[in-house]
Number of protein chains: 2
Amino acid sequence: MPRIAICAPARSITHADAAAVRALAQTVPGVALSFHPQCFLEAGHFAGSDAQRLAAFIECANDPSFDAVWFARGGYGSNRIAAAAMGQLGAAARAKAYLGYSDTGYMLGALARAGIGRQVHAPMPGDIRRAGGAEAVLRSMRWLAGDRTGEEPARDGHPRAAFNLTTLAMLCGTPLMPDLAGHVVMVEEVSEHLYAVDRLFFHLTAQLSGIAGLRLGRISEVPENDVPFGADAVAIARDWCGRSAIPYLGRADIGHDIANRIVPFGP
Amino acid sequence: MPRIAICAPARSITHADAAAVRALAQTVPGVALSFHPQCFLEAGHFAGSDAQRLAAFIECANDPSFDAVWFARGGYGSNRIAAAAMGQLGAAARAKAYLGYSDTGYMLGALARAGIGRQVHAPMPGDIRRAGGAEAVLRSMRWLAGDRTGEEPARDGHPRAAFNLTTLAMLCGTPLMPDLAGHVVMVEEVSEHLYAVDRLFFHLTAQLSGIAGLRLGRISEVPENDVPFGADAVAIARDWCGRSAIPYLGRADIGHDIANRIVPFGP
């Protein structure tokens with residue numbers, strides 16, 4: 001039975017969140033969840049200090065009794081510990097899958113760059129807070145138990161990766177940025193104005209010219225601006241992909257919502 | 001008498017804005033303003049289409065009868081035309097000063113990279129909309145007339161540059177990014193959560209390791225988050241500068257406000 005360690009490199013979850021997720025896990029034969037106590041810490045914005053979040057991640061990743069590390073929640077903060085974490089991972093960390101999305105994409109990106117384990121864009125325990133969120137949380141648990149039906153299909157045999165748009169844009173040029181050459185890259189965003197989405201695409205596409213193509217996830221909860229932007233998210237993605245000769249490959253079924261599908265990185 | 005061309009590579013201004021700025025110019029002997037009609041166009045978010053904004057900038061920059069190009073207003077959009085603009089600038093463009101800040105930092109950055117003209121972080125005509133904004137607008141007009149008292153002092157003889165934090169973070173890694181090695185770089189931000197400021201510093205400092213140092217302008221109008229971040233803007237800047245061995249050199253008197261001082265790029 002796969003044993004899953006849960007830690008929170010960004011924001012915290014509550015004990016009530018964990019209880020709800022544990023109850024769901026009873027319905028999925030073949031997964032055993034272990035919430036690290038660090039998940040429930042609070043230090044300003046974060047689930048504990050950088051040192052506490054780093055230590056919990058390292059403990060989970062280096063423990064050979066776990067088969068996967070599942071990040072509890074996004075928000076913001078993984079980027080503050082990802083570089084330090086990569087230097088402390090041992091052999092047991094290489095045999096694991098790492099699941100998360102949103103801000104925890106910094107961890108997935110850094111792990112992909114370092115070639116450590118299997119990185120998987122997937123719903124997190126924190127998604128239990130969404131209306132209907134059990135569906136999303138169960139998708140990840142079933143994937144961990146071996147059921148691959150929750151995956152977003154690879155259309156063409158290229159290696160894949162999926163990121164939040166801001167997260168990937170902020171990874172670019174840093175020591176955490178993975179080599180995405182030849183990949184189909186999927187991006188999604190939430191709660192950003194369309195002008196900010198346009199700006200992020202400007203920044204990102206200038207630095208992704210070697211990828212196989214880009215697929216656009218959902219750009220959701222766009223705040224209303226004082227003027228309509230004048231182009232929608234698809235037009236924005238097509239425009240910037242075109243300027244950098246990146247093939248625009250259509251939509252991807254990922255986003256900050258309960259339908260968010262699973263994208264294992266790589267082939 | 002210096003003749004100043006005004007165009008709008010990002011958002012538009014109104015005829016009322018222009019009238020107010022023209023009236024102020026009457027009080028500053030030695031400047032003659034010429035508002036390009038493109039300043040008043042509207043196309044979605046922007047002061048006209050990319051093609052219209054590009055054409056107006058090129059016309060202003062390449063006209064030998066002007067001594068400076070003053071960007072009308074920020075908002076968003078200069079990055080969409082800056083790369084194309086650099087390829088169309090002639091000899092007259094090299095003899096000019098270019099003034100602006102905020103989003104028009106993309107133009108200043110691209111011009112600095114291309115070594116075209118003098119780039120100057122400075123208040124814009126659009127600042128007339130702020131309470132007390134005449135003070136800011138006059139600061140730029142007086143500078144154009146030869147009065148240097150509105151400049152933020154260079155403390156140590158290093159070349160300088162000043163940018164909005166988001167703008168400079170988005171320039172990094174793109175074909176518009178100037179070489180800031182050896183510069184004292186000043187950054188300011190407005191209307192961003194502290195977690196976003198932290199994230200931008202993560203991204204930026206990873207790519208500015210050759211600079212002489214960083215000075216922090218005002219981080220203003222920070223929206224309230226659901227939790228206090230746990231560190232203020234100075235602590236954030238110090239933290240990320242420290243992680244990249246960038247000297248943190250204290251505050252700079254720049255920001256999205258009427259006190260925003262003038263920073264000519266370079267020595």
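Each chain gets a letter, A, B and so on, in the order its sequence line appears, and its residues count up from 1.
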Validation row, ring centre His203(B) to ring centre His203(A) under 6.0 Å: yes
Shortest non-hydrogen separation from Phe202(A) to Met170(B) and the atoms involved: CE2-O, 3.5 Å
Part of Ala169(A) within contact of chain B (heavy atom distance under 4.5 Å): backbone
Which portion of Leu194(B) sits near chain A, non-hydrogen atoms under 4.5 angstrom: neither
Structural part of Arg80(B) lying under 4.5 Å from a heavy atom of chain A: both
Residue Thr166(A) versus chain B: region with a heavy atom under 4.5 Å: side chain
Max heavy-atom pair count under 4.5 Å with chain A, selected residue of Leu200(B), Asp198(B), Asp103(B), Leu171(B): Asp198(B)
Chain B-proximal positions within residues 236-243 of chain A [heavy-atom distance under 4.5 Å]: Asp239(A), Trp240(A), Arg243(A)
Closest-packed option against chain B by number of heavy-atom pairs under 4.5 Å, given Gly230(A), Gly173(A), Ala206(A): Gly173(A)
Parallel, tilted or perpendicular: rings of His45(B) and Phe229(A) (30°, 60°): tilted
Region of Pro228(B) in contact with chain A, defined by heavy-atom distances below 4.5 Å: backbone
Proximity breakdown for Tyr195(A) and chain B, heavy-atom pairs closer than 4.5 Å: both
Tyr76(B) vs Asn225(A) side-chain heavy atoms within contact, under 4.5 Å: no
Atom of Asn79(A), atom of Arg199(B) and distance for their closest heavy-atom approach: ND2-CA, 4.3 Å
